[in-house]
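Below: the structure, in structure tokens.
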Amino acid sequence: MIRLEMRESFKNKIIEVCNKKIEMKGSNVGLSFYAFFANKNDDPELLMEVAKWWILTHKLDHFEKAVKIKKMVE
């Protein structure tokens, strides 16, 4: 299995986004890894890093519960 680590600063962003989504829509809210990026591709290397973490390392579905993702990165 491919093991990839994510940047610590981006882990913090994931936790922040998950907290906001959970607060707004409840603990059942789902999101994709695109939720952590702006609508434009201004950092393709980081996007690929997170996509690899999401898809290759953890074999996550397109949409996952925010509480699950938050717990994984904490």
Return yes when atom CD of Glu45 has more than 12 non-hydrogen atoms of other residues, nucleotides or ligands closer than 6.0 Å, and no otherwise. no
To the nearest 0.5 Å, atom CE of Met72 lies from atom NZ of Lys11 at 10.5 Å
By the rule that ILVMFWY residues connect when side-chain heavy atoms come within less than 4.5 angstrom, directly or transitively, which residues belong alongside Val29? Ile22, Val67
Taking all atoms of both residues into account, what is the closest heavy-atom pair of Ala66 and Cys18, and its distance? O-SG, 3.5 Å
Spatial distance of atom NE2 (His58) from atom CD (Glu64) [nearest 0.5 Å]: 11.0 Å
Can you measure from NZ (Lys65) to NZ (Lys70) and round to the nearest 0.5 angstrom? 16.0 Å
I want to check something: taking the side chain as every heavy atom from C-beta on, are Ile14 and Phe33 in contact at a cut-off of under 4.5 Å? no
Any side-chain heavy-atom pair of Ser32 and Phe37 under 4.5 Å: no
Do Tyr34 and Leu47 come close enough that some side-chain heavy atom pair is under 4.5 Å? yes
Would Phe10 and Ile55 show up in the same hydrophobic cluster when neighbours are defined by side-chain heavy atoms closer than 4.5 Å? yes
Which heavy atom of Asp61 sits nearest a heavy atom of Trp54, and at what distance? O-NE1, 2.8 Å
Would you indicate whether the side-chain heavy atoms of Ile69 and Val17 approach each other to under 4.5 Å? no
Scanning both residues in full, the closest heavy-atom pair of Phe36 with Leu31 reads CZ-CD1, 3.5 Å
Side chains of Asn19 and Glu16, heavy atoms from C-beta outward: is any pair under 4.5 Å? no
Would you check if the side chain of Trp53 reaches a backbone N or O of Met48 as a donor-acceptor pair within less than 3.5 Å? no
